[in-house]
Amino acid sequence: MQYIALPNTEKRQLPFYLAMEEYVARHIQTEDCFFMWQVEPTVIFGRNQLIDTEVNTAYCREHGIKLFRRKSGGGCVYADWSNIMFSYITTEEAVAFTYHRYVSMVVGVLQKLGIPASASGRNDVLIEGRKVSGNAFYRIPGRSIVHGTMLYDTDREHMAKAITPADEKLQSKGVNSVRQHIALLKDYTTLSLDAFKDFIRTTLCDNEYMLTEKDVSAIEELMQEYLTDAFIYGHNPGYTVVKKKHLDGVGMFEIQLELKEGIIKNINIMGDFFLIGDLDAGILHLLRGVPLERTALETTLPSHLEDVILHLKKADFIEMLLQEN
């Protein structure tokens, strides 16, 4: 696997690295690529999440914690200088295989250090039952991108207080609960953070591609999209009906509907689910103008919604649409 290196060690904001992933995926013609990065304290929320319901924005402003959106699905994560971020770009298209390959790779590296790591659920790496890494996925034509956290150490108070999980989620609340639910690598290895990064790189990668200054300029141009208020905060027009539900193995959903005489005039779907297809073309566009009733929904929606949202079954989605508030 090829390691993607930058020509200098300048400290950069998180959107630069998100743009770097996208640039590498579009322009570096190597089957598998990998790189690591670190940022100042930042909350990164998923493509389909509502910032006001997922992030404690007042706490973040008070403590200088940055807020940015990514193009992959999934939930909010907190990152800081003691948390290493991994980016993996591959030509493999199958979502399940890509996740399995990447997570197995990470677990294998940790086990080489004698760390009792294991894979769990849809996207996590655990140590003795506690989460040390969470990952998210998205695709562009011809390439898949997996990125995620690796907790060497972190500010647990910021982690606990910067992110505000919905009541429906079974997530930790407070610093003490964070300590119970996460693992830190520093407690399982004598390697320093830099030495750990060197070990990861030499174990996973056998050659290097050094980006040029021209590449960096192109990444900085691509980064501008990630910095716009429209991308970070989104557009949240008023909806007449909002339905919320958590589906085990899929994620949290907030379905926003604009109804007129029982017809879906507009629809938006937010949440921490994993988007693997085109949400607008695959679901939203199809439902606009359709009556909100079972027969019409069953006729309109495609059979395999899991091609759009990971593990989402058509029947479960229809039940969410029809549930009483």
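Since the structure is predicted, the reported quantities are computational estimates derived from the model, not experimental observations.
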Checking side chain to side chain contact (heavy atoms under 4.5 Å, CB included) for the pair Leu322/Arg294: CA distance, chi angles, key distance, verdict? CA-CA 8 Å; Leu322 296 176; Arg294 188 176 300 276; 3.6 Å; yes
Strictly by modelled atom types, are [X] and [Y] linked by a side-chain donor-acceptor pair under 3.5 Å?
X     : Y      : answer
Thr90 : Asp32  : yes
Lys11 : Gln38  : no
Gln2  : Thr30  : yes
Asp80 : Thr154 : yes

Any non-hydrogen side-chain atom of [X] less than 4.5 Å from a side-chain atom of [Y]?
X      : Y      : result
Val250 : Leu310 : no
Glu306 : His311 : no
Gln49  : Cys76  : yes
Ser87  : Phe34  : no
Leu113 : Leu191 : yes
Tyr78  : Ile44  : no
Leu227 : Phe68  : yes
Lys243 : Phe253 : no

Looking at [atom1] of [X] and [atom2] of [Y], how far apart are the two atoms once the value is rounded to the nearest 0.5 Å?
X      : Y      : atom1 : atom2 : result
Tyr209 : Asp215 : OH    : CG    : 4.5 Å
Leu185 : Leu193 : CG    : CG    : 9.0 Å
Leu259 : Lys265 : CG    : NZ    : 10.0 Å
Glu128 : Asp187 : CD    : CG    : 10.0 Å
Leu279 : Asn268 : CG    : CG    : 7.5 Å
Glu293 : Glu298 : CD    : CD    : 8.5 Å

Apply ring-ring contact (aromatic ring centres under 6.0 Å, His included) to the pair His158 and Tyr59, showing each step before the final yes or no. CA-CA 9 Å; His158 280 349; Tyr59 182 88; 5.6 Å; yes
Please name the pair of heavy atoms, one in [X] and one in [Y], separated by the smallest distance, quoted to 0.1 Å.
X      : Y      : result
Tyr3   : Met36  : OH-N, 3.2 Å
Ile65  : Ala162 : CD1-CB, 4.1 Å
Leu297 : Lys314 : O-CE, 4.3 Å
Gln29  : Arg26  : NE2-O, 3.6 Å
Lys244 : Glu254 : CE-OE1, 3.2 Å
Ser133 : Met150 : CB-CE, 3.9 Å

Considering the options Arg69, Gln13, Glu22, which one meets the side chain to side chain donor-acceptor pair (under 3.5 Å) requirement together with Tyr226?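 When Arg69, Gln13, Glu22 are each tested with Tyr226, the side chain to side chain donor-acceptor pair (under 3.5 Å) holds only for Glu22.
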Assess whether side chain to side chain contact (heavy atoms under 4.5 Å, CB included) is satisfied between Glu221 and Ile219, documenting all intermediate values. CA-CA 5 Å; Glu221 183 175 348; Ile219 293 168; over 6 Å; no
What do you reckon, is NE2 of His304 surrounded by more than 12 foreign heavy atoms closer than 6.0 Å?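 Result for NE2/His304: open.
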Around atom NE2 of His63, are there more than 12 heavy atoms of other residues, nucleotides or ligands at under 6.0 Å?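 Yes, because the 6.0 Å sphere around NE2 of His63 holds more than 12 heavy atoms from other groups.
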So Ile182 and Leu151, side chain to side chain contact (heavy atoms under 4.5 Å, CB included) or not? Walk me through it. CA-CA 8 Å; Ile182 68 168; Leu151 293 174; 4.1 Å; yes
Establish whether [X] and [Y] are linked, either directly or via other cluster members, by ILVMFWY side-chain heavy-atom contacts under 4.5 Å.
X      : Y      : value
Leu301 : Ile263 : no
Ile163 : Trp81  : no
Met1   : Ile4   : yes
Tyr233 : Leu14  : yes
Ile283 : Leu286 : no

Would you confirm whether [X], through its side chain, and [Y], through its main-chain N or O, come within 3.5 Å as a donor-acceptor pair?
X      : Y      : value
Arg70  : Gly73  : yes
Thr202 : Phe199 : yes
Asp272 : Met252 : yes
Thr42  : Ala79  : no
Asn56  : Lys161 : yes

Return the set of residues passing salt bridge (charged side-chain N to carboxylate O under 4.0 Å, His left out) with Glu31 (not counting sequence neighbours), or none when no residue passes.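 Listed in chain order: nothing, the list is empty.
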Return the set of residues passing salt bridge (charged side-chain N to carboxylate O under 4.0 Å, His left out) with Lys131 (not counting sequence neighbours), or none when no residue passes.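 Residues passing salt bridge (charged side-chain N to carboxylate O under 4.0 Å, His left out) with Lys131: Asp124.
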When Leu321 is tested against each of Val241, Leu287, Val290 for side-chain contact (heavy atoms from CB on, under 4.5 Å), which residue passes?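 It is Leu287; the other options fail the test.
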Relative to each other, are the rings of Phe137 and Tyr99 parallel, tilted or perpendicular (30° and 60° limits)?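 The arrangement is tilted - the two ring planes meet at 30° to 60°.
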For the residue pair Phe196 and Tyr152, does the interplanar ring angle fall in the parallel (under 30°), tilted (30 to 60°) or perpendicular (over 60°) class?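 If you compare the ring of Phe196 with that of Tyr152, the planes turn out tilted.
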Only pairs at least two apart or in different chains count here, so list each side-chain hydrogen bond (donor to acceptor under 3.5 Å, both in side chains) that has a residue in residues 137-148.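 Listed once each, the pairs are Glu21-His147, Ser72-His147, Arg139-Ser144.
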Cationic N near anionic O, under 4.0 Å, Glu10 to Arg12: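 Here Glu10 pairs with Arg12 in a salt bridge, since their nearest N and O are under 4.0 Å apart.
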Is there a side chain to side chain contact (heavy atoms under 4.5 Å, CB included) between Met85 and Tyr17? Walk through the geometry before answering. CA-CA 10 Å; Met85 307 296 286; Tyr17 299 104; over 6 Å; no
